[in-house]
> 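What follows is a structure written as structure tokens; I'll ask about it next.
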Amino acid sequence: QVQLLSSSLGSQGYDVLCTREPGGTEIGDKISHMVKYDQSEEGIADKAELLLFAASRAQLVEKKLKPFLAKGGVVICDRYADSTMAYQGHGRGIDKQVIADLVDLATDGLQPDLTVLMDLSIEDGMRRVGKRGEAAEGEDRIELAGQLFHEKVRQGFLMIAKENSARVKVVDAMNSIDDIHQEIMKYVTRIKH
């Protein structure tokens with residue numbers, strides 16, 4: 001969907017940057033890899049995970065997003081700050097106000113105009129992850145966190161969408177690729193300026 005949206009906006013004359021989280025910069029990618037594929041005996045503490053993802057996001061915002069937006073570009077980011085609230089807040093149970101404050105610090109208050117939540121049942125999501133195969137580095141520790149964790153995360157995302165309905169639009173990820181793209185374009189068209 002990121003590529004379809006990027007192509008559509010590019011064909012309309014927009015300068016588009018596609019990026020992702022966690023990662024999106026050289027430093028951010030190193031942090032992401034460390035967190036996702038940690039195999040240390042002690043493991044990564046939940047608060048350390050939160051802080052590392054915030055560091056990755058701060059790097060992305062400062063080095064890529066803000067400069068690109070300042071030039072009038074359009075940014076499409078696969079995941080952003082809502083993911084921290086869903087994963088570390090709802091999934092890991094870290095205090096949501098602490099997360100909100102940390103997100104504000106890491107993003108310097110930069111908020112998306114539109115967030116598209118691709119909603120999918122946990123079972124269907126796990127099937128899709130399984131079809132991708134294992135990463136060369138090993139198994140992603142967050143993807144392996146278990147069904148209960150992922151259900152908490154999904155419910156967290158849905159709560160975020162409900163509380164921020166003007167910005168967050170929920171799309172049924174079981175629809176066809178083209179139907180999903182058309183729905184996303186409908187939302188994007190409403191906010192383009």
> Output side-chain donor-acceptor pairs under 3.5 Å for residues 44-55, partner residues at least two apart or in another chain, one line each.
unit_1: E49; atom_1: OE1; unit_2: Q88; atom_2: NE2; d: 2.7
unit_1: E49; atom_1: OE1; unit_2: R92; atom_2: NE; d: 2.9
unit_1: E49; atom_1: OE2; unit_2: R92; atom_2: NH2; d: 3.0
unit_1: E49; atom_1: OE2; unit_2: R141; atom_2: NH1; d: 2.9
unit_1: E49; atom_1: OE2; unit_2: R141; atom_2: NH2; d: 3.1

> Minimum heavy-atom separation for V170 and A161, please, with both atom names.
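Between these two residues, the closest heavy atoms are CG2-CB, 3.6 Å.
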
> Is it true that D119 and R154 make a salt bridge, defined as a side-chain N closer than 4.0 Å to a carboxylate O?
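Yes, this pair counts.
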
> Work out which heavy atom in V103 is nearest to a heavy atom in A81; give both atom names and the distance.
CG1-CB, 3.4 Å

> Given side chain to side chain contact (heavy atoms under 4.5 Å, CB included), test E21 with S56 step by step and report yes or no.
CA-CA 8 Å; E21 281 204 354; S56 175; 5.9 Å; no

> Using distance alone, with no hydrogens and no angle criterion, decide if R57 and T84 have a side-chain donor and acceptor under 3.5 Å apart.
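R57 vs T84: donor-acceptor pair found between side chains.
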
> Please round to the nearest 0.5 Å and tell me the distance separating atom CE of M85 and atom CD of E163.
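Going from CE on M85 over to CD on E163, the span is 9.0 Å.
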
> Between the main-chain N or O of M185 and the side-chain N or O of T189, is there a donor-acceptor pair closer than 3.5 Å?
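Yes.
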
> Hey, are the side chains of H181 and S8 touching, using non-hydrogen atoms and a 4.5 Å cut-off?
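A side-chain contact under 4.5 Å exists here.
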
> Considering non-hydrogen atoms only, spot the tightest contact between V16 and F68 and give its length.
C-CZ, 3.6 Å

> Measure across V2 and C18 and return the closest heavy-atom pair with its distance rounded to 0.1 Å.
CG1-SG, 3.7 Å

> Angle class for the Y87/H150 ring planes (parallel below 30°, perpendicular above 60°, tilted otherwise)?
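Y87 and H150: perpendicular rings.
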
> Hydrophobic cluster membership, with links at side-chain heavy-atom distances under 4.5 Å among I/L/V/M/F/W/Y: are V74 and Y80 in one?
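Unlinked, V74 and Y80 end up in two clusters.
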
> Would V153 and V35 show up in the same hydrophobic cluster when neighbours are defined by side-chain heavy atoms closer than 4.5 Å?
yes

> Verify the neighbour count for atom CD1 of I27: are there more than 12 heavy atoms of other residues, nucleotides or ligands below 6.0 Å?
no

> Taking I180 as the starting point, is it possible to reach L114 by hopping between hydrophobic residues whose side chains are less than 4.5 Å apart?
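Yes: a chain of side-chain contacts under 4.5 Å links L114 to I180.
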
> Determine whether a donor-acceptor pair (N or O, by modelled atom type, separation under 3.5 Å) exists between the side chain of D95 and the backbone of Q97.
yes

> Quick test of your reading of the model: are D29 and K36 salt-bridged, counting only N-O distances below 4.0 Å?
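Between K36 and D29 there is no salt bridge, as every charged N stays at least 4.0 Å from the carboxylate O atoms.
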
> If only atom types and distance count, is the side chain of N164 paired as donor or acceptor with the main-chain N or O of R167 below 3.5 Å?
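No, N164 side chain to R167 backbone: no donor-acceptor pair under 3.5 Å.
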
> Are V116 and L120 linked, directly or through intermediate hydrophobic residues, by side-chain heavy-atom contacts shorter than 4.5 Å (ILVMFWY only)?
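No: no chain of side-chain contacts under 4.5 Å links L120 to V116.
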
> Salt bridge (charged side-chain N to carboxylate O under 4.0 Å, His left out) with E123: which residues, sequence neighbours excluded?
none

> Between D104 and A100 (side chain of the first, backbone of the second, donor and acceptor by atom type, cut-off under 3.5 Å), is there such a pair?
no

